[in-house]
Amino acid sequence: AAVDNAPAIVVGSGYGGAVAALRLGQAGVRTVVLEMGRLWNTAGPDGKVFCATSAPDQRSMWFRSRTEAPLASFLWLDLVNKDITPYPGVLDRVHYDNMSVYVGRGVGGGSLVNGGMAVTPPAAYFAEQFPTVDAAEMYGTYFPRARAMLGVNTVDPAWFESTDWYRFTRTSRKAATAAGLKTTFVPNVYDFGYMQREAAGTATRSALAAEVIYGNNQGKRSLDKTYLAAALGTGNVTLHTLEKVRAVTRAADGSYLLTADRIDLTGAVVETKQYSCASLFLGGGSLGTTELLVRARDTGTLPDLDASVGAGWGTNGNTMLARANHVWDTVGADQSTMPVMGIDDWANADNPVFAEIAPLPIGFETWVSLYLAITKNPERARFTWDSASKTVKLGWSAAQSAVSVAMAKKLFDRINAANATIYRYDLFGSPSKVFADDFCYHPLGGCVLGRATDGYGRVKGYKRLYVTDGSLVPGSIGVNPFVTITALAERTMARVLAEDLAP
Ligand code: FDA
């Protein structure tokens, strides 16, 4: 097959890939972006690009015959999941032993499916996780740059206090306050001006129509509308969709050779393509990038990769749980899908937890307060190559999840005690399961900065091979991760363009 040649290739179009593509394009470097998901810009038969959460169809999930929503049940009934036709849908759930990981698929990666919470970590914890990174430069330059490009904004506090759409958040705040806990507003990339127009009935509803995990048809500043639009606007960036990179090797002249499978909408491989590039930027996310590199090292196509490639993986301590409120503490039938507040107990050295107050937008009063807790779980796992099955495995154990659960339980036991409330037992599938300990939204690590790479994401053992995504973060960042991933990618690109790719 003919080899498609480009000075630079970016694998993946999530946060890390999008930053790389824009900064390369602006620097005049002709760049090809390879993304395994589709471009979400065409309306389906219902006139919408993304399907409704309440009526998921083939667009919802990545090649499934039944949806696998995070909340599998309500009152133990499987009301949530639906049979669908296999298709390159926007949300994937990747199954490993003892842990399933949700990720976005498509141009924009996780930005298409996530809750938009745009949180900058506390400086002290950032410095603890990244001791070799100049924190002053991050907080002075790269975090502000990332937030500006991502379109971060905050909810109007007066509107927040008065609208029915955030009653669920106010009810959770009241319960936290009663336990002496601090709550804090968190910024988001969803356009809050647009959301207020949705509430007023003057704009088509998206966050106020239960849209989020299967994509938002309006209002959200996902990467296809920010970084990636700007990248394509440079005229130097080309995007190839439905192409999955499955192998990387290096040619004698030092260039990289990639093999990618192009699939059609049924998932059939219709073409195997060869690419070559002088500089390769990996933005496939914690799972995608780490899998490519572990496979390359252990099958011998990039044998000089460091032994630490594959290590340092964590869930950001993710645990989902819910509480049952008293009948007089309603959460409302109307709930915005975009979280705007967290319970911030991260400074509690005995039990650091940051818990996002999450919506349960199912259209009727549930009395449920739902949370995604981010705990300071120190457990880490490693990805390994399994030559028998020719797949990459993750060595995460149930005992490692139990550490997150214990930390979340300690915090929410306090809240329940102060309010004389209990947990909900009916939301996560099996009877009496209170804590969702078998999935996460925040996969981090696998190619950790300063271990598998140098201090700027240059992969050890190889020249002009870079990692720009969540695999650089050592398993935990204490808050929702995409602002940190974006800011680190900005820092890497500034350094690499100045030192490695300067004309
Ligand atoms: P990301 O996963 O975004 O992008 C990787 C891209 O590469 C994908 O598009 C993938 O298809 C593609 N790819 C992978 N392997 C490939 C290959 N071999 N060939 C070609 N393409 C390949 N975070 C946050 O900060 N605030 C929030 O509110 C939330 N909420 C949230 C909700 C849900 C439901 C999920 C699933 C996740 C979140 N997150 C979040 C997490 C956040 O979305 C996540 O941390 C980032 O998207 C990670 O960015 P990356 O650039 O690392 O990879």
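Start at 1 and go down the list; that is how both ligands and their atoms are numbered.
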> A side-chain contact here means heavy atoms from C-beta on lying under 4.5 Å apart; do Ser369 and Val331 qualify?
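Side chain of Ser369 against side chain of Val331, heavy atoms only: contact under 4.5 Å found.
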
> Verify whether one side chain among Tyr125 and Ser476 offers a donor that lies under 3.5 Å from an acceptor in the other.
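There is such a pair between these side chains.
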
> Geometry only, no angles: is Met36 polar-contacting ligand 1 at N/O separations under 3.5 Å?
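By distance alone, the answer is yes.
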
> Contact between Arg295 and Trp385 at the side-chain level, heavy atoms closer than 4.5 Å - yes or no?
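Yes, their side chains come closer than 4.5 Å.
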
> So, regarding Val103 and ligand 1 (criterion: nitrogen or oxygen to nitrogen or oxygen, under 3.5 Å), is there a contact or not?
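No - when backbone and side-chain N and O of Val103 are compared with those of ligand 1, no distance drops under 3.5 Å.
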
> I'd like to know if the side chain of Arg221 pairs up with that of Tyr227 as donor and acceptor (distance under 3.5 Å, no hydrogens or angles considered).
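No donor-acceptor contact under 3.5 Å links the two side chains.
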
> Are Arg495 and Tyr456 in a cation-pi contact, defined as NZ or CZ under 6.0 Å from the six-membered ring centre and within 45° of the axis?
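Judged by the rule, Arg495 and Tyr456 form a cation-pi pair.
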
> Ligand 1 versus Glu243, non-hydrogen atoms closer than 4.0 Å: side chain, backbone, both, neither?
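The part of Glu243 near ligand 1 is the backbone, not the side chain.
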
> Indicate yes or no: does an N/O atom of Tyr102 lie under 3.5 Å from an N/O atom of ligand 1?
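Tyr102 vs ligand 1: no N/O contact under 3.5 Å.
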
> What I want to know is whether Gly16 and ligand 1 share at least one N or O pair that is separated by under 3.5 angstrom.
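In this structure, Gly16 places an N or O atom under 3.5 Å from an N or O of ligand 1.
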
> At under 4.0 Å between heavy atoms, is it the side chain or the backbone of Val119 that contacts ligand 1, or both, or neither?
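No part of Val119 is near ligand 1 at this cut-off.
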
> Under 3.5 Å, N or O to N or O, is Gly37 touching ligand 1 that way?
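No, there is no polar N/O contact under 3.5 Å.
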
> May I ask whether atom 44 (C) of ligand 1 is less than 4.0 Å from at least one protein heavy atom?
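When distances to the protein are checked, atom 44 (C) of ligand 1 has no heavy atom within 4.0 Å.
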
> Going by atom types only, do Thr315 and Asn318 share a side-chain donor-acceptor pair under 3.5 Å?
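The criterion, which ignores hydrogens and geometry beyond distance, is not satisfied for Asn318 and Thr315.
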
> So which of Asn81, Thr67, Ile213 actually passes side-chain contact (heavy atoms from CB on, under 4.5 Å) with Pro56?
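Only match with Pro56 under side-chain contact (heavy atoms from CB on, under 4.5 Å): Thr67.
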
> Is it the side chain, the backbone, both or neither of Asn114 that has a heavy atom closer than 4.0 Å to ligand 1?
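Both the backbone and the side chain of Asn114 come within reach of ligand 1.
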
> Please confirm whether Ile485 comes within less than 3.5 Å of ligand 1 when only nitrogen or oxygen atoms on both sides are compared.
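No, no N or O pair falls under 3.5 Å.
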
> Heavy-atom contacts with Gly288 under 4.0 Å: which atoms of ligand 1 show up? List them by number with element.
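Result: 15 (N).
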
